[in-house]
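Computed over heavy atoms, backbone and side chain alike; hydrogens, waters and symmetry mates excluded.
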Amino acid sequence: MRFHWLFLSALTWLLVAAPAWAGKLVFWRFDTNENRLVFTTDNRVQPRAQMITNPTRIVIDLPGIKLGQPNINRPIGNIVRSVRIGQFDAETTRLVIELAPGYTFDPQQVKIRGISPTQWTVELPEPQPIREETQPPVTPDPTPPPDRGSTRPTPPPPVSQTDNNDDFQVTRNGLFVRLEQNGDERSIRSQRSRDGKKIEFELPGATLPSSLTGQTIPVNRYGVGDIQFSQTANQRAKISLSVNKDSPDWQALYSRFGGLVLLPRGGLSSVDNISSPPPTQATNPTPRPNNPPAKTANNPPSSSRLATISSIDLTGNNDRLLIRADLPLKANGSVNRDGVYELRIENAKLAESFRGPRFGRHSPIYQLRVRQESANKVLILVQTAAGFQLGQLTQTGNQTLALELLSSPNSNPVSQVPDSTTIPVPLPPNTGQFNPPPRPSNPTPNPPRQGNSRFLVVIDPGHGGKDPGAIGIGGLQEKNVILPISLEVTRILQQQGIDVRLTRDSDFFVTLQGRTDLANQIDADLFVSIHANSMGKARPDVNGIEVYYFGDRRLSDTIHRNIVRSVDLRDRGVRRARFYVLRTSKMPSTLVEVGFVTGAEDAAKLANANFQRQMAAAIARGIIEYIQRNLR
């Protein structure tokens with residue numbers, strides 16, 4: 001068995017001089033879009049990392065960090081198979097990223113970076129298929145080095161395979177079809193159906209592999225339901241995409257490495273928010289391993305009348321999510337690019353009295369959103385809490401669907417991962433002294449306790465993902481300012497025994513409705529939305545904090561007072577506003593603008609990690625003071 005120790009980035013040497021004390025893993029998230037693991041601890045940590053082969057695993061040890069919960073085993077996909085987290089020994093938390101058999105990484109390309117002493121990212125290169133040296137490859141490598149002299153696209157690396165057919169791949173940059181023979185690129189013809197739901201490509205002179213000819217393969221990504229292949233007698237290949245009617249047109253380009261790349265016009269960002277239509281009835285895909293919901297439930301419609309969904313609830317044992325209607329339901333589910341399970345119910349509508357489920361604080365559901373996506377389609381988005389995963393979607397009654405909720409299995413605990421002799425991580429020459437920021441001189445007091453109960457606060461870092469928020473001086477983006485502030489607020493509150501839920505814990509997009517739906521569904525005590533302000537680059541003279549409320553202003557006043565007392569910013573006061581997140585949250589709420597990214601005074605401060613920690617501490621003190629005074 002081979003071991004490869006990974007070199008941490010140049011930022012990590014700064015942490016060596018920092019004192020170590022016991023801490024906890026606050027949260028983690030695997031971003032499938034970026035192939036990146038993000039994690040945060042509540043104290044400084046110097047990670048150690050190695051790569052173990054057969055199968056390939058990236059193992060990251062966090063000395064001095066305790067997990068504080070049962071082992072986690074979260075399926076990710078077909079190539080990056082899973083992330084496992086567990087307590088390796090009494091003082092070390094271990095994170096393991098495991099690939100499917102047959103794939104590996106270049107260990108020199110794995111980058112582990114410290115955003116701050118407590119915030120880390122593990123950026124992974126594209127997984128490469130392992131090829132036997134004794135047997136020449138039958139097909140070209142799907143990820144060959146780019147040819148700088150050619151403008152033709154190279155087949156992008158696969159994200160996941162839709163079935164066991166290697167000749168068609170869903171990639172990070174579109175769809176790739178392997179061909180036995182390319183045709184004339186100038187002769188490619190495309191046509192879209194009148195209803196906009198089908199895009200057909202005709203490829204004169206091109207030859208499909210026999211494994212694809214006559215096949216219909218599900219895609220469920222990029223607004224594409226499935227892809228169909230046919231070969232005519234006059235040496236013409238035909239490829240048809242079943243797409244959402246709102247999808248942009250697609251284009252087909254030959255790759256010089258023996259295949260066809262299909263891309264949406266306008267790039268993948270143009271299909272970010274477009275749902276995929278359900279696969280046609282002709283498809284019969286092979287179940288994909290490690291994809292949480294392994295089955296869909298399809299029931300023949302009893303009539304043209306829409307089924308009315310009356311309720312969505314957890315069973316008494318919290319092991320199933322039940323969907324009830326007045327007619328049989330036809331449903332199809334898949335995991336989207338953000339790792340969220342999308343359940344699409346055709347020929348259905350929500351009852352007028354439908355208000356959505358309410359979950360307890362220890363629910364296996366982290367977030368559930370329900371909406372009427374079109375006149376005859378209901379969309380349900382499900383995210384599980386840590387330690388849980390989705391099972392099968394089944395028909396439990398004539399008018400009832402059930403989605404299983406399973407505890408993450410611990411049959412393969414992290415502690416069983418093979419270990420090796422500890423090898424110190426090589427560090428750059430010591431060119432300076434790192435002085436860690438002192439702990440707050442006025443630590444936040446313990447909140448009052450009511451028996452064994454805990455308070456629950458939702459922290460909402462605004463924007464994220466495709467929405468950067470305001471962009472200020474030097475390209476400073478709002479989303480990059482407020483996320484570390486929000487994470488630090490979370491850490492402080494959790495240290496004081498307060499339950500916290502984040503609407504996002506890394507750089508991904510959440511709708512406004514999704515943010516307040518989360519807070520309302522889990523019956524939070526408080527909702528605090530954190531933003532940074534902008535007046536445009538023409539007004540660098542405008543600087544300072546603003547705090548907003550809609551109904552009761554006591555929470556806003558308390559947080560505002562704590563910020564003004566301890567943070568060096570101009571004060572623009574407390575104001576009333578009809579922001580969506582304030583109007584629709586059912587608990588005391590506030591929106592904090594921590595400064596102007598366009599302000600000549602504020603921008604440099606907002607980009608500074610020490611300032612971000614000061615702001616976070618002030619907001620956290622305000623929240624705890626409010627709890628002490630108003631939630632006894």
Exercise. If you measure only the distance, is there a donor-acceptor pair under 3.5 Å linking the side chains of Asp517 and Gln521?
Worked result: no
For this session: Would you give the length of the straight line joining atom CG of Leu37 to atom CD1 of Ile85, rounded to the nearest 0.5 angstrom?
Result: 7.0 Å
For this session: Identify whether the distance between the nearest side-chain nitrogen and carboxylate oxygen of Lys245 and Asp195 falls below 4.0 Å.
Result: no
For this session: For the pair Trp250 and Tyr222, name the ring-plane relationship: parallel under 30°, tilted 30 to 60°, perpendicular over 60°.
Result: tilted
For this session: Please confirm whether the backbone N or O of Leu350 pairs with a side-chain atom of Gln372, one donor and one acceptor, at under 3.5 Å?
Result: yes
Problem set entry | Heavy-atom pair of closest approach, residues Asn35 and Pro127 | ND2-CD, 3.9 Å
Exercise. Looking at Arg236 and Glu202, does any basic side-chain N land under 4.0 Å from a carboxylate oxygen?
Worked result: yes
Exercise. So how far is it from Ile217 CD1 to Leu212 CG, rounded to the nearest 0.5 Å?
Worked result: 5.5 Å
Exercise. Which atom names give the shortest non-hydrogen contact between Leu208 and Ser230, and what distance separates them?
Worked result: CD1-O, 3.3 Å
Exercise. Between Asp460 and Arg504, is there a side-chain N and carboxylate O pair less than 4.0 Å apart?
Worked result: no
Exercise. Tell me, do Ile239 and Ile227 make a side-chain contact under 4.5 Å, heavy atoms counted?
Worked result: yes
Exercise. Is Glu346 paired with Lys330 through a side-chain N to carboxylate O contact shorter than 4.0 Å?
Worked result: no
Exercise. Can you tell if the side chain of Ile76 reaches within under 4.5 Å of the side chain of Val83, non-hydrogen atoms only?
Worked result: yes
Problem set entry | By side chain to side chain donor-acceptor pair (under 3.5 Å) - contacts of Thr516 (at least two apart) | Thr584
Exercise. Is the shortest side-chain N to carboxylate O distance from Arg192 to Asp249 below 4.0 Å?
Worked result: yes
Problem set entry | More than 12 heavy atoms from other groups under 6.0 Å of NZ on Lys238 | no
Exercise. Roughly how far, to the nearest 0.5 Å, is the CZ atom of Arg305 from the CG atom of Asn347?
Worked result: 12.0 Å
Exercise. Salt bridge check: are Arg320 and Asp313 linked by an N-O gap of less than 4.0 Å?
Worked result: no
